[in-house]
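Okay, structure first, notes after.
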There are 2 protein chains.
Amino acid sequence: MSDRKSRPPAASSPDAAVPKAVVSRLSLYLRELQHLVRDGHQRTSSSQLGTLLGFSDAQVRKDLAYFGHFGHPGIGYRCDDLIKAIRKILGTDRDWPVAMIGTGNLGRALLGYKGFTHQGFRIAAAFDVDPQRVGATIEGVRVFHLDQLDTVGHDHKIKLGLIAVPAPAAQSVADRLVAAGIEGIVNFAPVTITLPDHIRQVGVDLAIELEQLSFAVVSRGAGDGAD
Amino acid sequence: MSDRKSRPPAASSPDAAVPKAVVSRLSLYLRELQHLVRDGHQRTSSSQLGTLLGFSDAQVRKDLAYFGHFGHPGIGYRCDDLIKAIRKILGTDRDWPVAMIGTGNLGRALLGYKGFTHQGFRIAAAFDVDPQRVGATIEGVRVFHLDQLDTVGHDHKIKLGLIAVPAPAAQSVADRLVAAGIEGIVNFAPVTITLPDHIRQVGVDLAIELEQLSFAVVSRGAGDGAD
DNA sequence: TAGATTGTTAATCGATTAACAATC
DNA sequence: TAGATTGTTAATCGATTAACAATC
């Protein structure tokens with residue numbers, strides 16, 4: 001007896017376990033929804049989203065259904081509502097102060113790149129060990145000495161760190177970020193870094209992206225479409 | 001009768017079909033192997049590579065076996081040989097002249113980033129539409145007007161293009177790259193671009209990477225380790 | 001030889017697709 | 001109402017793991 005109210009919607013707290021690939025598609029749905037809204041659309045459907053991104057409609061519905069009931073049978077999804085829901089799931093419905101470690105070419109570029117500002121991320125402070133760079137302000141972001149990571153990180157409630165230092169320094173920077181209480185790291189250095197289990201990590205290696213493209217081009221015909 | 005010579009090793013020409021995830025791990029193996037060589041190692045094993053990267057030894061062997069017989073039972077893999085083999089598979093055993101489209105923050109940073117130079121990629125020319133930028137030389141790379149894409153692209157035998165322009169311009173830049181005979185595109189703009197089937201594409205969106213990290217941090221405990 | 005390690009097969013696990021009742 | 005579209009189940013497909021004979 002008793003499934004009167006059926007099972008609870010439970011938005012954004014997956015009971016079971018979310019398949020790896022689902023979360024990355026969630027980000028793509030969000031990006032597409034934001035474009036749809038900008039273009040004046042109020043609602044969309046699993047088949048429209050699927051067509052735009054090259055996925056099947058079934059996959060879109062299944063992905064979203066992992067997290068709750070966001071659609072309306074016969075109608076589709078309200079863009080606004082779905083955007084809010086996905087942001088909540090991804091955790092980007094809040095403000096994320098971020099630390100940038102390294103102010104070389106890549107670090108400076110990321111400081112000037114406004115792309116992720118819109119998604120709730122905000123670079124609150126930058127760090128370097130070069131005395132020539134410490135004390136400067138780049139794109140409105142103050143550069144501190146790496147030794148000040150603990151203090152400044154705590155003051156700004158920084159939870160995420162971006163590593164944009166040369167490969168040989170990446171692991172030791174990662175260790176210091178962990179010691180400073182950071183919870184997640186995006187590692188732009190082309191090296192594998194090892195972290196405690198409770199620290200989350202995403203790696204971005206531009207050489208690897210190019211290699212994937214190179215493979216896709218070279219093995220074209222036999223293979224697939226790389227992305 | 002007759003499987004005397006068994007089946008041909010057939011390095012780097014997969015008869016069947018290479019699973020999607022295998023190729024991205026191949027790049028990680030390559031990166032790790034290069035670090036091992038720099039550290040003075042001459043040989044390695046599937047279990048060493050697996051441990052370094054967090055994969056099982058069986059997975060490492062299976063991934064490599066898609067492309068040929070590179071190891072030696074009882075011995076392991078010679079780092080040098082395996083590096084050569086993987087580079088051949090990925091297509092990075094040759095020179096890849098690359099075009100950078102867009103010389104804003106991100107484009108300039110990528111021009112200065114030496115990371116992928118070592119893997120066979122070389123930015124041969126940059127392009128922009130801003131008259132203030134055209135004619136300049138950034139990090140040794142000449143900036144041409146986008147209208148010169150055909151000519152310059154052909155002269156430099158450019159096969160790959162990196163799109164580092166604002167999102168609204170990305171699709172039209174992509175179209176022009178295709179028209180100029182480019183075969184593959186890395187798209188850094190936070191937008192989905194549509195391309196003919198024979199053009200390969202890899203998307204890199206920094207906001208999306210941060211969202212993946214944010215999700216992993218927020219849903220920590222229940223979930224996995226994001227990368 | 002004994003110990004180590006590969007390449008490969010079979011078994012397990014997980015993710016995608018197709019189909020459809022429920023709903024608007 | 002008829003047409004559209006969801007959420008969900010069952011069937012299919014693909015990828016990972018475990019185990020082991022072959023090899024050095």
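In the text below, chain A, chain B and the rest are named by the order of the sequence lines, each starting its count at 1.
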Rounded off to whole Å, could you give me the OH-to-C1' distance for the B:Tyr66 and C:dT6 pair? 17 Å
Please report the distance, rounded to the nearest Å, between CG in B:Leu82 and P in C:dT5. 15 Å
Sequence neighbours excluded and cut-off under 3.5 Å, please list the side-chain donor-acceptor pairs for residues 158-167 of chain B, or say none.
none

Where protein sits on nucleotides 19-24 of chain C, one letter per nucleotide: B base, S sugar-phosphate only, - none, heavy atoms under 4.0 Å: B---BB
In whole Å, I'd like the distance from the NZ atom of B:Lys62 to the C1' atom of D:dG14. 10 Å
Interatomic distance, B:Lys20 NZ vs C:dA15 P [rounded to whole Å]: 13 Å
Considering only D:dT6, C:dG7, D:dT16, which nucleotide approaches the side chain of B:Tyr77 most closely? C:dG7
Check for a donor-acceptor pair, side chain of B:Ser219 on one end and backbone N or O of B:Phe215 on the other, with a separation under 3.5 Å. yes
For B:Phe67 and B:Leu26, work out which heavy atoms get closest and say how close. CE1-CD2, 3.5 Å
How many angstroms lie between CD1 in A:Ile123 and CH2 in A:Trp96, if you round to the nearest 0.5 Å? 15.0 Å
When you measure from every atom of DNA chain C, which of residues 22-57 of chain A have a heavy atom less than 4.0 Å away? A:Arg25, A:Ser56
Between C1' of D:dT12 and CD of A:Gln59, the distance in whole Å: 14 Å
What is the distance from CZ of B:Phe70 to C1' of C:dG7, rounded to the nearest Å? 12 Å
Would you mind telling me which of B:Val37, B:Leu33, B:Leu36 makes a side chain to side chain contact (heavy atoms under 4.5 Å, CB included) with B:Leu82? B:Leu33
Does the side chain of B:Gln212 come under 3.5 Å of the side chain of A:Ser24 through a donor N or O and an acceptor N or O? no
Pairing string, 5' to 3', for DNA chain D - Watson-Crick or wobble contacts under 3.5 Å, brackets [ ] where pairs cross, | to another strand: ..||||||||||||||||||||||
Among residues at least two apart in sequence or on other chains, which ones pass salt bridge (Lys or Arg N to Asp or Glu O under 4.0 Å) with A:Asp39? none
Once you round to the nearest 0.5 Å, how far does CG of A:Leu52 lie from OG1 of B:Thr192? 7.5 Å
Rounded distance (Å) that lies between atom C1' of C:dT6 and atom CG of B:Leu64: 11 Å
Go through the structure and list residues passing side chain to side chain donor-acceptor pair (under 3.5 Å) with B:Arg78, not counting sequence neighbours. none
Do B:Asp63 and B:Gln59 meet the criterion of a side-chain donor-acceptor pair at a distance under 3.5 Å? no
What heavy-atom pair brings A:Gln119 and A:Thr92 nearest, and what distance separates the two atoms? O-CB, 3.4 Å
